[in-house]
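Shown next, in structure tokens, is the structure this report addresses.
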Number of protein chains: 2
Amino acid sequence: MDTTQRTEQQRSADRRRRELLEAADRVVLRDGPGASMNAIAAEAGITKPILYRHFGDKGGLYAALAKRHTDALLDSLRAALDAPAERRERVEATLDTYLTAIEARPQVYRFLMHPAEGSPGDQGFDVGKHSAPLLRRMGEELAQVIEDRLDLGPGSHQLARVWGHGIVGMMHAAGDWWLGERPCSRAELVRSLADLLWGRLAAAGDRVGGPGF
Amino acid sequence: MDTTQRTEQQRSADRRRRELLEAADRVVLRDGPGASMNAIAAEAGITKPILYRHFGDKGGLYAALAKRHTDALLDSLRAALDAPAERRERVEATLDTYLTAIEARPQVYRFLMHPAEGSPGDQGFDVGKHSAPLLRRMGEELAQVIEDRLDLGPGSHQLARVWGHGIVGMMHAAGDWWLGERPCSRAELVRSLADLLWGRLAAAGDRVGGPGF
DNA sequence: CGTGCATGTTACTTGCGGTAACCCCAGTCT
DNA sequence: AGACTGGGGTTACCGCAAGTAACATGCACG
């Protein structure tokens with residue numbers, strides 16, 4: 001009765017919410033992160049106030065949208081990282097998974113990395129979470145995996161966290177640059193990054209005939 | 001005559017431009033990247049259209065502002081990277097220089113790394129330059145240094161570029177996270193990152209008693 | 001003197017985020 | 001049946017910031 005009815009309405013609201021999110025998705029993918037609430041509402045076949053009833057404000061809508069994609073991407077990454085294989089292979093598989101994802105849907109990627117937060121009065125938004133939460137989440141998850149799986153001696157917790165965020169940042173920056181310039185194949189990029197993580201920078205010899213170092 | 005006058009006016013215009021930039025700087029440092037053109041104009045003691053005459057649009061002003069800070073930071077980094085010392089020392093010095101800079105003036109840092117927000121429609125902004133050009137410039141410069149100084153065998157050009165952007169991204173992401181959470185001292189962070197670059201990730205042993213990998 | 005020309009202003013338009021007030025229709029209670 | 005309530009929807013509006021005319025002023029040159 002009361003409960004069944006409430007769940008019924010709940011379900012209806014959830015379905016509506018999903019429809020709205022999919023419409024928003026289409027618009028954001030088409031117009032970029034600067035898509036207006038009016039455009040999104042129009043795409044969904046309704047008007048602005050409904051969006052605000054469901055998501056509070058633009059930040060809320062964008063957060064919900066970002067969460068969907070972020071969760072999906074993180075699932076793929078976890079799968080690659082958890083595969084039964086040698087460490088280097090897993091690292092390469094994870095890098096490749098990430099790069100494949102951003103290559104396949106660059107619009108989604110742009111949106112996730114530069115959600116543009118509040119904006120106007122942006123007062124409604126917490127200043128602390130200025131940046132893309134996706135990078136933070138990836139960094140934290142990777143840190144956890146590193147800490148769980150590797151024997152790093154004393155201070156392993158801190159070390160794992162630094163490495164987690166650092167490696168994610170490396171992947172992100174290299175991917176961003178690569179996506180813009182396409183200077184090489186994905187496989188080459190993956191190899192180069194893995195080589196970097198595998199200490200080839202430290203192992204390289206000084207160039208002969210260069211400036212005297 | 002003509003020329004002298006023109007240079008005279010040019011100089012005057014340049015001086016004015018600099019004053020405007022410094023005023024803009026003060027406002028952006030105080031109010032964050034969402035500072036309005038009105039506020040900047042008021043701080044400079046003039047009104048909006050003058051700003052637009054000098055910088056075209058908000059993007060132009062922000063680009064000019066960013067260029068100043070970016071150039072300054074890049075100069076410091078070049079100095080640290082060019083110091084006569086062992087490679088590891090230079091790497092650590094460069095990391096430390098970067099972290100010291102973002103620690104000393106987080107407002108500047110936020111502005112440089114997330115200029116896209118702007119404000120509401122942000123439609124005055126070119127979609128192409130979505131991200132911080134600072135990262136790209138740092139990546140390119142580092143790539144150049146790596147290629148010039150290290151002997152990487154065949155494919156060294158590509159490799160150096162990938163590494164340049166990757167390392168810069170690592171530094172940036174770790175720095176961003178560190179700046180927000182302050183989980184350890186700057187020196188510890190520098191050491192951890194350098195260790196990562198020096199192959200400690202690849203060299204670490206599997207954790208005993210953990211899940212069977 | 002008037003004619004450029006750079007510098008400055010006021011006052012406007014446009015477009016967006018966000019909100020208040022109203023509307024309508026399906027059930028429900030008495 | 002008829003008033004009552006509440007979720008889904010709309011129109012019309014506010015405030016604010018980017019960007020733009022159109023008008024005003026000071027100063028060199030012929």
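Any value given below was found using the heavy atoms of this structure, including those in side chains, with hydrogens, waters and symmetry copies removed. Every chain is numbered from 1 and lettered A, B, ... according to where its sequence line falls, protein lines coming before strand lines.
Atoms CE (M37(B)) and C1' (dG19(D)) sit 9 Å apart, rounded to a whole Å. For H54(A) and dG7(D), the NE2 to P distance is 12 Å, given to the nearest whole Å. Atom CZ of R16(B) is separated from atom C1' of dA6(C) by 12 Å (rounded to the nearest Å). Put simply, NZ on K58(A) is 14 Å from P on dT19(C), counting in whole angstrom units. The interatomic distance linking Y62(B) (OH) with dA17(D) (C1') rounds to 11 Å, in whole Å. Across the protein-nucleic acid pair, D14(B) atom CG and dA6(C) atom P stand 14 Å apart, rounded to whole Å. Atoms CG (L61(A)) and P (dG18(C)) sit 10 Å apart, rounded to a whole Å. In this structure, L51(B) atom CG and dG8(C) atom P are separated by 11 Å, rounded to whole Å.
Under the rule for a ring-ring contact (aromatic ring centres under 6.0 Å, His included), W163(A) has no partner lying at least two apart in sequence or in another chain. With sequence neighbours excluded, the residues satisfying side-chain hydrogen bond (donor to acceptor under 3.5 Å, both in side chains) with R88(B) are E92(B), D195(B). For E181(B), the salt bridge (Lys or Arg N to Asp or Glu O under 4.0 Å) partners two or more places apart in sequence, or in a different chain, are R161(A). Residues passing the side chain to side chain contact (heavy atoms under 4.5 Å, CB included) test with A64(A), sequence neighbours excluded: R17(A), L21(A), F55(A). Applying the side-chain hydrogen bond (donor to acceptor under 3.5 Å, both in side chains) rule to R16(B) yields the partners E19(B); only residues at least two apart in sequence or on another chain are considered.
Under the ring pair (Phe, Tyr, Trp, His ring centres under 6.0 Å) criterion, the residue pairs touching residues 164-198 of chain B are H165(A)-W177(B), W177(A)-H165(B), with sequence neighbours excluded.
In this structure, L20(B) CG and H54(B) NE2 are separated by 5.0 Å, a value rounded to the nearest 0.5 Å.
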Table of protein N/O atoms under 3.5 Å from nucleotides 9-11 of chain C N/O atoms:
| unit_1 | atom_1 | unit_2 | atom_2 | d |
| --- | --- | --- | --- | --- |
| dT9(C) | OP2 | T47(B) | N | 3.0 |
| dT9(C) | OP2 | T47(B) | OG1 | 2.5 |

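For R191(A), the CZ atom is loosely surrounded, since the number of other residues' heavy atoms within 6.0 Å does not exceed 12.
For the helix from dC1(C)-dG30(D) to dT30(C)-dA1(D), the axis fitted to the five pairs at one end and the axis fitted to the five pairs at the other end meet at an angle of 30° (nearest 10 degrees).
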For residues 40-49 of chain A, tabulate all N or O donor-acceptor pairs below 3.5 Å that involve a side-chain atom, not counting sequence neighbours.
| unit_1 | atom_1 | unit_2 | atom_2 | d |
| --- | --- | --- | --- | --- |
| E43(A) | OE1 | R30(A) | NH2 | 3.2 |
| E43(A) | OE2 | R26(A) | NH1 | 2.5 |

